[in-house]
> 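Next up is a structure, given as structure tokens.
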Number of protein chains: 2
Amino acid sequence: MPRAPQKRRLETRAKLLSVAEEIIDTQGCSALRVEDVVEKAGVAKGTFFSHFGDKDGLLTVILGARVMGFLDEMEAAPRPQSPAEIADRLTPLLNFVAQDRVIFDLLLRYSGTTGAEVDEVITQGFIRQITMFAGWISALQAEGTLRADTAPALLAEGVQAFLNHVLAIGFCMEHADKRPPAEAILPYLERWLVR
Amino acid sequence: MPRAPQKRRLETRAKLLSVAEEIIDTQGCSALRVEDVVEKAGVAKGTFFSHFGDKDGLLTVILGARVMGFLDEMEAAPRPQSPAEIADRLTPLLNFVAQDRVIFDLLLRYSGTTGAEVDEVITQGFIRQITMFAGWISALQAEGTLRADTAPALLAEGVQAFLNHVLAIGFCMEHADKRPPAEAILPYLERWLVR
DNA sequence: CTTATAAATTGACCGCGGTCATATTTTTCT
DNA sequence: AGAAAAATATGACCGCGGTCAATTTATAAG
């Protein structure tokens, strides 16, 4: 079994993460360059890759943590009572993902990982998200608000599909259709969740 | 206005395209390297980029043409009479896109471009595809087969969303769930298109 | 035919993600 | 404490997409 990491390693990792987060917060994910990170952190390039595998590995850790934060908020808020309220709950997460194509691309790459590799933060996030959707839907089905002819799991997957769809659309028309994604998704939810 | 390209330029372009297509057919899109293409075509690197802008530009031309071929087939076939038959019509295109992540990623990047830049082949392909879906749906609504409470355009967009969803899922679970995408999409179509 | 002008091509060069044999530091063992 | 072993860090190096000032080739003008 692998030995616990030494203090030095944890410090190096923390340094790399904090430098990277600062760059992301000030310049966005697209501007993140590994060479900048290692230079500002005062470590060698190889060290970066021994910690995170590749650039996506770093992004996975940082973005995964942020996604988890949004999921915490969603779970803390009262359960939505309608498609419109579901769209409301999604707003912060959608705006976060919509702000940068790099975020969307990275999340999408993991958006179907429901099986193996559950160690990945992002995978856990997706499972949690789908589970949460299914919980919302299931409760609303019981109250008679949503269609009851379809399993909550399938409906939840569909919500995920629409979510990715409006995000993808948003990235394509650079300036046209400035409608926020949470608004764009509503027509789909109303048609998909209500019978 | 720009002058017509010279014969030499057309030959160079054709050579680059044929070499690239051969590599794609034998080794797949992921294995396509610009340096290989220019070497096999006997042309300098800069020439490649003066023709296609970037690597994606080349892929756009080649994959766009192939997608158009699939759309031709779909339009030639008799109009589908049910969600299951819609899934049938989608099968060749879905299998094509599902064969390589690079194809999926590239198509997705253009999948919402309905406004400007209509000169792009892929954009035209998407518009054509959505229009075709809407046509199918509209006809089936008139026959009473599909739900008539929702505009064909919105239903067609939803089909597109599910299509991308099952493809994304397919790429995530490397080996598990070997179900072909056309089969995976059916439950969604039945719930989305029928009331 | 010669010269000016535009089109097409060239290849040295750069940026940046990623690798790996080597060096340094920390831990373990006697 | 000192030696062996394991963990960590290093930086020269590579692959490959992409750039651009300079060169060659084709077309138009005199």
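Just so it is clear: chains get the letters A, B, ... in the order the sequence lines come, proteins before strands, and each one is counted from 1. What you see below is based on every heavy atom in this structure, not just the backbone, and it leaves out hydrogens, waters and symmetry mates.
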> What's the CG-C1' distance between A:L106 and C:dG17, to the nearest Å?
15 Å
> B:Q6 side chain: which of D:dT19, C:dT27, D:dT27 is closest?
D:dT27
> Report the distance from atom CZ of B:R13 to atom P of C:dT9, rounded to the nearest whole Å.
12 Å
> Taking the nucleotide of DNA chain C with the nearest heavy atom to each, does A:D36 or A:G46 sit closer to the 5' end?
A:D36
> Check whether more than 12 heavy atoms from other residues, nucleotides or ligands sit under 6.0 Å from atom CD of A:Q81, and answer yes or no.
yes
> Do B:K55 side-chain and D:dG18 base share a donor-acceptor contact under 3.5 Å?
no
> Roughly how many Å is it from CG in A:D54 to P in C:dC16, rounded to a whole number?
17 Å
> Has A:T47 got a side-chain N or O lying under 4.0 Å from the OP1 or OP2 atom of D:dT10?
yes
> Dot-bracket notation for DNA chain C is requested: 5' to 3', Watson-Crick or G-U wobble pairs only, both distances under 3.5 Å, with ( ), [ ], | and . as defined.
||..||||||||||||||||||||||||||
> For A:R9 and D:dA6, give me the distance from atom CZ to atom P, rounded to whole Å.
17 Å
> Could you work out which one of C:dT10, D:dT10, C:dG17 sits closest to the side chain of A:A44?
D:dT10
> If every non-hydrogen atom of A:M132 is compared with every non-hydrogen atom of A:L71, which pair is closest and at what distance?
CE-O, 3.7 Å
> Answer yes or no: is there an ion pair linking A:R128 with A:D72, defined by an N-O contact shorter than 4.0 Å?
yes
> Decide yes or no on side chain to side chain contact (heavy atoms under 4.5 Å, CB included) for B:R109 and A:F171, but give the supporting numbers first.
CA-CA 8 Å; B:R109 185 152 298 123; A:F171 284 119; over 6 Å; no
> Please tell me if B:H51 has a side-chain N or O lying less than 4.0 Å from either OP1 or OP2 of C:dA8.
no
> Quick check: do A:S82 and A:V194 have side-chain heavy atoms less than 4.5 Å from each other?
no
> May I have the distance from B:F49 (atom CZ) to C:dC14 (atom P), rounded to whole angstrom?
17 Å
> Answer with base, sugar-phosphate or nothing: what part of the nucleic acid does A:L32 contact at a heavy-atom distance below 4.0 Å?
sugar-phosphate
> Before giving the answer on side chain to side chain contact (heavy atoms under 4.5 Å, CB included), spell out for A:V38 and A:F49 the whole-Å C-alpha distance, their side-chain angles and the decisive distance to 0.1 Å.
CA-CA 10 Å; A:V38 296; A:F49 292 98; over 6 Å; no
> Given C:dG17, C:dT9, D:dG17, which nucleotide is nearest the side-chain atoms of B:R33?
D:dG17
> Out of D:dG18, C:dG17, D:dT10, which has the shortest distance to the side chain of A:V43?
D:dT10
> Could you state the CZ-P distance from A:R8 to C:dT25, rounded to the nearest angstrom?
8 Å
> In terms of side-chain heavy atoms, does A:H165 have a donor or acceptor partner in B:E157 at a distance below 3.5 Å?
yes
> Let's see if you can work this out: which of D:dA9, C:dT9, C:dA8 has an atom nearest to the side-chain heavy atoms of B:T12?
C:dT9
> What is the distance, to the nearest angstrom, from the CZ atom on A:R3 to the C1' atom on C:dT26?
10 Å
> By nearest atom, which of the nucleotides C:dG17, D:dT8, C:dT10 is closest to the A:V34 side chain?
C:dG17
> Give a yes or no on whether a salt bridge exists between B:D36 and B:K40, defined as a side-chain N under 4.0 angstrom from a carboxylate O.
no
> Could you state the atom-to-atom distance from CD of B:E39 to P of C:dT9 in whole Å?
18 Å
